[in-house]
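Just the heavy atoms: all of them, side chains too, but no hydrogens, waters or symmetry mates, feed the values below. As the structure is a computational prediction, the values presented were derived from the model and not from experiment.
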Amino acid sequence: MIDTIVALTKYDNLGASSRLRTIQYFPYFKKNNFKVKHFPLITNRQLNDKYNKNGYSIFSTFYSYLNRIKIILLSKNNELLIIEKEAFPWLPYFFEKAFLSKKKYILDYDDAIFHNYDSHKSIIIRYLLGNKLKKLMQNSCLNICGNKYLHNYAVSAKSKASLMIPTVVDLINYPLKKHNINKETPTIVWIGSPSTIHYLSDISEVFKKLAKKYEFTLKIIGETNFKIKSIDIINIEWSEDIEYMELSSSDIGIMPLRDTKWELGKCGYKIIQYMACNLPVVASKIGANIDIVENNIDGILVKNHDEWFKALSMLLSDQSKRQEYGNNGRLKIEDNYNLEFSSSIYSEAIKEIS
């Protein structure tokens, strides 16, 4: 009988994927009478070092892997492992199998990390790791997937069970807030990490064209050095404490993506955050974005620079449309994309396993 959950996340709470896909569910697991143990592979200190020094040290990585081996070996029959993506990144399946073969485990995916392996430029990586995730999925009790693309991959891998749970917000942290309808200069907001700022860079020409016709501010949360010539940009260092305040004081949320296999694995969390803050959204028409955004109801889906320009032009010039789309998006989040709703599904799935 399972009575304890051992969460083997990739990161601690500074890593968005770990915080949102696993850590924020801990209180709900406990409410369902499960004990929770948490062991991140990469600590907050290591993650900060990565961003400051452009990588992880070999020593810290080696120690992290040794520590994870110890944790798995010491896990007991009454414990269910929840593993974010994989236990040992960039090591072959037989290594993971050696430690997980007699364990009950759930895998959680919010990115198409299998394409890191099966689409790698090195034939050796493709040979050694190309089917690693499929084999892990086949032997897991359950695969939790953040969107349809990831779910379909798990099904094609012949996994025993796959459940789709999007990455969601805790509405306690996103109280309903009315926007300032008398605001003279609208704010377009993008939130992300330094590793994803290239998506914003891809549409820099759109902002330059918009600036010739409209007054607006571009707010960037999570990357403090990005600039576009002649654009009024506010760069804000991300922290959980300021996230809601900075988003909710904005007017339009954006999520540009590239059209590749990797982006098909993205789960659209930015969009969900924007909608939770009553913001209309403009997003690339790809992957989970298509499932989340109802075009011309709570946002606008776009495919190229011209469509980006038209969509942002309309929202910048029409405050009533911004309000209408924003209100519709908030209702969608309250119905389907919030922690209370998803936690009941997640907790019931674990009970079935135990």
Side-chain angles (χ1 to χ4, degrees), residues 16-29 31-32 82 106 108-112 142-155 161-179 189 191 243-244 247-248 250 252-255 257 263-302 321-352:
S17 59
S18 302
R19 184 177 67 255
L20 299 167
R21 297 294 303 177
T22 307
I23 297 171
Q24 72 170 342
Y25 286 94
F26 289 172
Y28 292 89
F29 295 157
K31 281 183 183 178
N32 283 276
I82 296 181
I106 290 175
D108 181 82
Y109 294 95
D110 69 336
D111 270 322
L142 174 66
N143 297 289
I144 305 285
C145 301
N147 69 17
K148 286 181 182 177
Y149 184 72
L150 302 173
H151 169 72
N152 290 339
Y153 184 89
V155 172
S162 181
L163 180 64
M164 195 169 71
I165 298 180
T167 308
V168 297
V169 295
D170 185 348
L171 286 177
I172 292 174
N173 299 324
Y174 287 78
L176 190 59
K177 183 177 180 180
K178 291 185 178 180
H179 294 284
V189 66
I191 186 169
E243 187 174 47
Y244 167 75
L247 288 173
S248 62
S250 305
I252 302 166
I254 59 172
M255 186 173 178
L257 288 176
E263 277 71 28
L264 291 173
K266 294 290 183 182
C267 295
Y269 180 66
K270 289 181 181 61
I271 294 173
I272 292 167
Q273 285 184 288
Y274 301 147
M275 287 183 173
C277 293
N278 280 73
L279 302 186
V281 300
V282 183
S284 296
K285 191 175 183 180
I286 183 172
N289 293 7
I290 299 171
D291 298 318
I292 300 169
V293 177
E294 193 171 355
N295 206 28
N296 296 315
I297 300 295
D298 45 37
I300 304 172
L301 294 167
V302 296
K321 241 356 167 189
R322 297 201 300 266
Q323 191 169 11
E324 177 190 338
Y325 286 12
N327 289 340
N328 290 340
R330 171 70 187 201
L331 290 173
K332 178 178 286 185
I333 301 306
E334 291 176 353
D335 287 341
N336 297 306
Y337 292 94
N338 62 83
L339 183 60
E340 187 172 358
F341 178 78
S342 294
S343 63
S344 62
I345 298 172
Y346 205 153
S347 297
E348 285 304 313
I350 291 176
K351 285 179 183 178
E352 288 184 18

[X]: which residues meet the salt bridge (charged side-chain N to carboxylate O under 4.0 Å, His left out) condition with it, sequence neighbours left out?
X      : result
Lys321 : Glu324
Arg322 : none
Glu340 : none
Glu348 : Lys351

What pairs with [X] under side chain to side chain donor-acceptor pair (under 3.5 Å), at least two apart in sequence or on another chain?
X      : result
Ser342 : none
Tyr153 : none
Ser343 : none

Any chance you could measure [X], atom [atom1], to [Y], atom [atom2], to the nearest 0.5 Å?
X      : Y      : atom1 : atom2 : answer
Asn328 : Ile297 : CG    : CD1   : 6.5 Å
Cys145 : Asp111 : SG    : CG    : 12.0 Å
Ile286 : Leu257 : CD1   : CG    : 6.5 Å
Ser284 : Ile290 : OG    : CD1   : 10.0 Å
Ile272 : Asn336 : CD1   : CG    : 10.0 Å

For the residue pair [X] and [Y], establish whether any side-chain heavy-atom pair is separated by less than 4.5 Å.
X      : Y      : value
Ile191 : Tyr274 : yes
Asp110 : Leu20  : no
Cys267 : Leu150 : yes

Worksheet item: Which is it for Asn295 and Ile300 under the side chain to side chain contact (heavy atoms under 4.5 Å, CB included) test, yes or no, and what are the steps along the way?
Response: CA-CA 5 Å; Asn295 206 28; Ile300 304 172; 3.9 Å; yes
Response to the item:
Here the pair of heavy atoms bringing Gly268 nearest to Asn289 is CA-OD1, 4.0 Å
Discussion item. Using every non-hydrogen atom in the two residues, find where Tyr149 and Ala112 come nearest and quote the distance to one decimal.
Written reply: CE2-CB, 4.2 Å
Discussion item. Given 3.5 Å as the limit, does a donor-acceptor pair link the side chain of Arg330 with the main chain of Ala276, or not?
Written reply: yes
Worksheet item: Quick check: does any side chain N or O of Asn147 sit under 3.5 Å from a backbone N or O of Lys266, one acting as donor and the other as acceptor?
Response: yes
Practice prompt. Could you list the residues that satisfy ring pair (Phe, Tyr, Trp, His ring centres under 6.0 Å) with Tyr25, not counting sequence neighbours?
Written response: Tyr346
Practice prompt. With sequence neighbours excluded, tell me which residues meet ring pair (Phe, Tyr, Trp, His ring centres under 6.0 Å) with Phe26.
Written response: His38
Worksheet, complete the sentence: In short, salt bridge (charged side-chain N to carboxylate O under 4.0 Å, His left out) pairs touching residues 271-286 with sequence neighbours left out are none
Worksheet item: If you look only at pairs with a residue in residues 288-298, which of them pass as a salt bridge (charged side-chain N to carboxylate O under 4.0 Å, His left out), with sequence neighbours excluded?
Response: Lys148-Asp291, Asp298-Lys332
Donor-acceptor contacts under 3.5 Å from residues 162-176 side chains, at least two apart:
from   : atom 1 : to     : atom 2 : distance (Å)
Ser162 : OG     : His151 : ND1    : 2.9
Thr167 : OG1    : Arg21  : NH1    : 3.1
Asp170 : OD1    : Ile172 : N      : 3.1
Tyr174 : OH     : Gln273 : NE2    : 3.0

